[in-house]
Amino acid sequence: MGIAIGAVAAPHVKRLWNETIVPGVKNIYSKISGKKTAAIEQAVESHTTSLSVAERTGVTAQEFSRNIDMAVEGFKKNMSSEEAQMHMLNIMKLAELLANEIRSLSGAVIKNDEYSGEYLEWKAAMEKLTTQQVTDSINYMLENNSELFQGDNLQELSWIWGSDAIKEGELIPVDNNQIKEALSI
């Protein structure tokens, strides 16, 4: 039964992957790192059916984890820097895309020993973004530079709040549990 469902769903998942997820990850990762990676370029052109998140996105859990560390550290050193704030927001955008992708593969990752280690690495990387420090950073930006949450940025980050991002015309502060729930894999 599962194989039949997989065979029917595969073309739709592949199209979603190639037309939406990979280009989104590619765009956000290039903003974060300041460079385009050949692996992401290749993933966009490829019609791979690999279960590896790193193979499918061109981003390893270790790279993503390092980028999280750098963004958080950069933000702590210079919270008022708009560039540091944008890096943090871009990391959060990428995190949501990756969390969705990892969730979609989590059953396969857990059942497949080859990818179970990768799944645990991604889980550890995502947990870095669910700390109170990251939530406080987002709330700092909301309070001190709410212009960052206008237009496309607000739309791309709406997953943090769910449907209740704005109350009485103001962006509401983020609760740490909202981020934990949204990024759970």
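What you see is a predicted model, and the numbers here were worked out from it, not measured in a lab. Values below: every heavy atom of this structure, side chains too, minus hydrogens, waters and symmetry copies.
- Smallest separation of non-hydrogen atoms from Trp122 and Ala61: CZ2-N, 3.5 Å.
- What you find for Ala71 and Met88 is that their closest heavy atoms are O-CE, 4.1 Å.
- One distance of note links CG of Leu89 with CD1 of Ile138; it measures 7.0 Å at 0.5 Å rounding.
- Checking side-chain atoms of Ser137 against main-chain N and O of Gln133 turns up a donor-acceptor pair under 3.5 Å.
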Residue pair Asn100, Trp159: steps toward the side chain to side chain contact (heavy atoms under 4.5 Å, CB included) verdict: CA-CA 11 Å; Asn100 285 336; Trp159 60 268; over 6 Å; no
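- No continuous path of ILVMFWY side-chain contacts below 4.5 Å connects Met70 to Ile91, so the two sit in separate hydrophobic clusters.
- The closest donor-acceptor contact from the side chain of Glu63 to the backbone of Thr60 lies under 3.5 Å.
- Side chain of Asn176 to backbone of Thr130: a donor-acceptor contact under 3.5 angstrom is found.
- No donor-acceptor pair under 3.5 Å is formed between the side chain of Glu143 and the backbone N or O of Tyr140.
- Using a 4.5 Å heavy-atom threshold, the side chains of Thr131 and Asp136 count as separate.
- Side-chain N or O atoms of Asn153 include one that pairs as donor or acceptor with a backbone N or O of Leu148 at under 3.5 Å.
- Counting non-hydrogen atoms of neighbouring residues, nucleotides and ligands closer than 6.0 angstrom, the CD atom of Gln132 exceeds 12 such neighbours.
- One distance of note links CE of Met141 with CD of Gln85; it measures 6.0 Å at 0.5 Å rounding.
- Note: Phe149 and Trp161 have perpendicular aromatic rings, judged against thresholds of 30 and 60 degrees for the angle between ring planes.
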Pair Met92-Ile179, side chain to side chain contact (heavy atoms under 4.5 Å, CB included): steps then yes or no: CA-CA 10 Å; Met92 295 306 288; Ile179 293 175; 4.1 Å; yes
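- With rounding to the nearest 0.5 angstrom, the CG atom of Leu129 is 5.5 Å from the CZ atom of Phe64.
- Applying the salt bridge (charged side-chain N to carboxylate O under 4.0 Å, His left out) test to every pair with at least one member in residues 73-86, sequence neighbours left out, gives these pairs: Glu73-Lys76.
- From Gln178, atom CD reaches atom CD1 of Ile160 across 8.5 Å, with rounding to the nearest 0.5 Å.
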Derivation and outcome, side chain to side chain contact (heavy atoms under 4.5 Å, CB included), residues Lys93 and Leu157: CA-CA 6 Å; Lys93 291 176 195 176; Leu157 293 165; 3.7 Å; yes
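- Rounded to the nearest 0.5 Å, atoms OG (Ser81) and CE (Met86) are 11.0 Å apart.
- Although no hydrogens or angles enter the test, the distance criterion places no donor-acceptor pair under 3.5 Å between the side chain of Ser65 and the main chain of Gln62.
- No donor-acceptor distance shorter than 3.5 angstrom exists from the side chain of Asn139 to the backbone of Pro173, with no hydrogens or angles considered.
- Of all the heavy atoms in Met126 and Ala99, the pair that sits closest is CE-N, 3.5 Å.
- Separation of atoms CG (Leu120) and NZ (Lys123) is listed at 8.0 Å; rounding is to 0.5 Å.
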